[in-house]
Amino acid sequence: MSKEDFDVEKEIERISRKTRVNIMKSERSFDSRLNQLEKDIDDAIKSKEKLFDDSKTLTTKHIETDYTDNALERYKKKLNKI
């Protein structure tokens, strides 16, 4: 084989083909994991927001409950018994 027959760039490309394929696979895997992580984070945030909204609804209902003097007196009596 003479110097003229040997193409360095083609040989490097041939040798590195497997490495490039592995790099591309790793990049796809990494992107897939990042997408899954983003989805999991979004799901967790939505879940926490829902819990907060539910809690806020309960608090609002409690605040809006109309306690009459009669009801308050009953609660005071019960608390005094305790």
Side-chain angles (χ1 to χ4, degrees):
M1 190 178 231
S2 68
K3 277 187 164 182
E4 295 167 6
D5 293 339
F6 188 74
D7 187 0
V8 174
E9 287 183 25
K10 284 185 179 181
E11 187 63 18
I12 290 172
E13 186 177 318
R14 184 187 71 75
I15 293 171
S16 64
R17 186 173 296 136
K18 193 174 188 179
T19 302
R20 282 184 306 179
V21 168
N22 287 336
I23 289 171
M24 288 174 28
K25 286 180 182 177
S26 295
E27 286 175 347
R28 283 192 204 123
S29 174
F30 185 73
D31 287 342
S32 174
R33 287 178 182 234
L34 277 179
N35 289 337
Q36 183 62 43
L37 180 61
E38 287 176 0
K39 182 182 176 296
D40 291 345
I41 289 171
D42 288 342
D43 290 346
I45 289 171
K46 286 178 186 174
S47 172
K48 293 296 180 184
E49 286 174 343
K50 184 180 181 317
L51 288 174
F52 176 78
D53 289 344
D54 291 346
S55 174
K56 187 176 175 184
T57 302
L58 291 174
T59 304
T60 304
K61 285 181 180 177
H62 176 71
I63 290 172
E64 291 175 350
T65 302
D66 184 26
Y67 291 104
T68 62
D69 288 337
N70 209 5
L72 290 175
E73 289 302 318
R74 280 193 319 237
Y75 288 126
K76 286 180 185 176
K77 287 179 184 178
K78 287 183 182 181
L79 286 174
N80 285 335
K81 287 181 184 177
I82 295 175

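In this chain, numbering begins with 1 at the start of the sequence shown.
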For E11, salt bridge (charged side-chain N to carboxylate O under 4.0 Å, His left out) partners two or more places apart: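 Residues passing salt bridge (charged side-chain N to carboxylate O under 4.0 Å, His left out) with E11: R14.
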Would you give me the side-chain donor-acceptor pairs under 3.5 Å for residues 22-36, sequence neighbours excluded?
from	atom 1	to	atom 2	distance (Å)
N22	ND2	K18	O	3.4
S26	OG	N22	O	3.0
N35	ND2	D31	O	3.3
Q36	NE2	D40	OD1	3.0

Please find the pair of heavy atoms, one from E13 and one from R20, that lie closest to each other, and give the distance.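 Residues E13 and R20, closest heavy atoms: O-NH2, 3.6 Å.
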Looking at residues at least two apart in the chain, or sitting in another chain, which of them share a side chain to side chain donor-acceptor pair (under 3.5 Å) with K46?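 Here no residue qualifies.
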